[in-house]
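Structure, as structure tokens:
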Amino acid sequence: MSSETVTLTIDGQEVQVPRGATVLQACESIGVEIPTLCTDPRLKPYGACRMCVVEVQPGPPRPTASCTTPAGDGMTVVTDSQSIKDIRKHVIELQLQHHPLDCPYCDQAGTCELQDEVFDQEIFQSPYETVPKAHPEEILNEVILINHNRCILCGRCVRMCDEQIGVRALDFVERAVGTFIAPAQHEFMDCERCGMCIETCPVGALLSRPFKHAARSWQTEKTASTCPHCAVGCSLLVESRHGSVVRTRSNGLEEPDRGILCAKGFFGHSFVNSGERITEPLVRRNGALQPASWSEALNVISAGLREVLDAHGPQAVGVVGSPNTTNEDNYTLQRFARAVLGTNNVYSQSSGLHAAARTLRAVLGSAAGPRSQSELLESDVILVVGADIGQTHNVVGAHVKQAARDDGRTLLVATRLASGLDDFATVAARVRPGAEAVLLSALAGADIPNMHALTGIDADTLTAMRSRVQAAGTVAVVWDTGVWTLGKAEAIAQGAANLALAHDGVKLFPLPERANAAGTFLLGMAPDLLPGARPLSDDEARRQASDAWGAPVPAEPGLAFDDFIDGPMQALYVMGEDVVGGSANPQGAQAALERARLVVAQDIFMNATTEAADVVLPGATFAEKGGHFTNFEGRLGRLAPAIPPVGKARPDWEIVARVSAAMGADFGWRSHEPISTELAGLMQRPSLPGSRESAAVNGAAPAPADGFVLATEQHLYTAGVSGRRADSLTLMLPEAVAELNAGDAQRLSIAHGDRIRLSADGGEVNLKALVADRVPPGVVSLPDRFLEAAPRQLDPRAPDGAAVRVHKV
Amino acid sequence: MAIHSGAPRRATLDDAERPKLDQLRQALAPLRDEPGTTLEALYAAQDIFSYVPPEAVTLIAKELRLPESEVFGVLTFYSMFHRKPAAAYVLRVCRDLSCHLTGAPQVLHAFNQALGARVGEVTEDGLFETESVSCLGLCDLQPALMVNLEQHGPMTADKARALLDDLRARGAR
């Protein structure tokens, strides 16, 4: 019994497999092919389709489903007897009673598992009369439809949604021959639009509406790449045809996604081929941006930069990189700035992740991370604080649910909004927006008076959380560093660090807000850092960079961004970032850009920064270039070009390298590979001591009783600028909304869909109200699309936790 | 907590019926922490409304912390649950072998004649509806029937007519 392996005989061949393996796995291990329909490696064995039947001795005298039968010592398995072949053929014949052979216009044709079986079983005509089902096609929501005639009731969609996503929006309804797959009450209310039901469907029953009749599966070019929408960095299979991306799918079962995607990964690609893309260089002539050739644009830029350098010196020049672009893009921009322009005014978005990472390094030193997702999911206790990571980092959220349900991890949830994580949690509580850092310090043991009023969490719940944290060997503390943390990212990181100092087993997982935010930090896209996030003050790091770049790196750190644009700035080069629209003071930033002698903005869509620029350059999306993103774990996700860049667009690294060449410094790169190699050589991680000092964290005062507290977390269906140009995502969340609790809405006579006005000291915003169960009483949630709401005077960056008033318009 | 939950759905209950949801909520309270109580919950809803309205499915899922799809799946699987308003007294006459041989067709015929309605039709007064169902597990009472959850049998045509009089005397619930 104690043996780790079992030995059995399959079709006369002896095979050894680990104890616990199924007969099906044993067959696969020696290359014996067993047909299956209800099997998906992501799902638990189910035994629905009966295609995998085999004869097993000793055992009952009947065919046995190999997928649900554990391999046993001394078993004799026969997989290819005539009776087994007959059963398999009959299973398929019965399926064809409902399943039409409409393969010529079925999207699944070519990748259909039933089609393959019909072929393999040599069924040239259905022996039974085909009886179509009453409701052949049902539109489930904006992006998903189901064709009931094609459905073979294998249950993969039901199980995928349940086991992997933790949502279970679908189930079998009715019974016997009338059984079909449907959401509750035929309203797909619980669906998170991840598309994984479509992904796992072996036939053309569950279908993507955006992909419907877009291409035959064998006509598309398939390119392995990485999702550009968040810092999980899921593997993506990009399918393209005639220079357009037609769909994206999950690619493989490896980390970090383990074979699943979210709504953004599966449906969020169409921005690539948006008609609003910038497709050619634009140069400002007579006050207006006008199309120009690449050579003209490069001449204007190099002459302008040369002029500013000569007149004002390198301190007057700065560059801004982007967490939306690759490591290679950012690295090229950095090298251009430090080694060619001679300035350390190197920036990337004012970022929650940068702020959190700096705080954690200062306190914990090199122990700050980043750490792998496996470490997160294998911790005894997983504590999620702040934003709902099921929205901001959906795939990690799904994995956390699984770890709690299947692997016995204790999940503690202290989010501001209710979420799907609550159902899997041992303790779930609502923390008041603004009190997240206080809560973390309290869990670390700090004695903070008035805890309940500050955090909204009662003493018993807090004690329950604290005792579970203290008793655990390892604790993963997970928080999103997105838009809601701006202005308090340091405090939250300090709170988390306090917890790590109080308990040796605590590991911290700040989840960056954008695909490559971690990459921009580790690359040193900051005035005082160098590649590897080594301090600029580190002489050795500076020497190594100087050697690699063949030019000295100035020792003097650059200015803080706001000091730079309000101070010496005469020229600014922005790559993939909206420094005006994303600023706390957009008018001020715009004025600063207008004062500058030269502003170059390189991007995929027009924004407030490109509108203020002197030269606009067409950058490339993730689907049009090679390179890497660095995800929240510090793992590199590879991008590969699936389509050529649209119009005259070019990869961002290439544009910067051409500007550099025009200024006399040709890096000699003709592809991204040498950049990947060069930057890897400079990425040694610094050894940092850290202060190891716990610091006090002050709580925010509760909002007035008659008002609301604002929560501004990223929504599952939003993905910044690109998300707003992805048709399928905009269908899911068409406009800016404010979400209110049903009780609050009723009290203010606000109905679902009414227009409301939110006003705060920082201004006001007018948008549509949604009644949402996830919002607790007294909180109004502004998913990040409120940035588009009109009129908008509310500070777009840091209203989270602010007191606001709500009025019906 | 699904991200779309809370948004209003098509209301199916009228103002007179809505307060019954509170009644259902109370009935669900003792079932809340017991696993495997979905059927009991659905019966409770049917008892209160005469059928299981969509609002009840949503409420049961919420109160029992179950996926709504699962509650709907269970509701639709079992034929004894009504999804449209049902008669006050649903007469389920067994049609399987042993009941059939001992006179079930005559019992059903007697009901339909007396009520002037066919199987599945609700009488104009809203009191009665007959169903022809598979085995009720009451073979000792053959031919057997159930009035809502109440067992009757062995039945005859005369007993059937007497039962209708008896139920009329009880009146609507």
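We name chains A, B, ... by the order of the sequence lines, and we start the count at 1 in each one. Here the structure is a predicted model, which means the values were calculated and not measured.
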Has [X] got more than 12 heavy atoms of other residues, nucleotides or ligands less than 6.0 Å from its [atom1]?
| X | atom1 | result |
| --- | --- | --- |
| B:Glu124 | CD | no |
| B:Lys159 | NZ | yes |
| B:Glu17 | CD | yes |
| B:Asp14 | CG | yes |
| B:His109 | NE2 | no |

With chain A as the partner chain, list the residues of residues 63-85 of chain B whose heavy atoms fall under 4.5 Å from it, by residue number, and write 'none' if nothing qualifies. B:Arg65, B:Pro67, B:Glu68, B:Ser69, B:Glu70, B:Phe72, B:Gly73, B:Thr76, B:Phe77, B:Ser79, B:Arg83
How would you list, in number order, the residues of residues 172-181 of chain A that have a heavy atom less than 4.5 Å from chain B?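 Listed by number, the contacting residues are A:Phe172, A:Val173, A:Glu174, A:Arg175.
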Hits for side chain to side chain donor-acceptor pair (under 3.5 Å) against B:Arg25, two or more places apart or cross-chain, chain-then-number order -> B:Asp22
Quick check on A:Leu770 against chain B: is it the side chain, the backbone, both or neither that has a heavy atom closer than 4.5 Å?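 Contact with chain B involves no heavy atom of A:Leu770 at all.
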Under 4.5 Å from any heavy atom of chain B, what part of A:Ala169 do you find: side chain, backbone, both or neither?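 For A:Ala169, backbone heavy atoms alone lie under 4.5 Å from chain B.
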With sequence neighbours left out, which residue pairs that include part of residues 34-45 of chain B fulfil the side chain to side chain donor-acceptor pair (under 3.5 Å) condition? none
Value rounded to 0.5 Å, distance of CD in A:Glu187 from OG1 in B:Thr58: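 Reported to 0.5 Å precision, the distance equals 8.0 Å.
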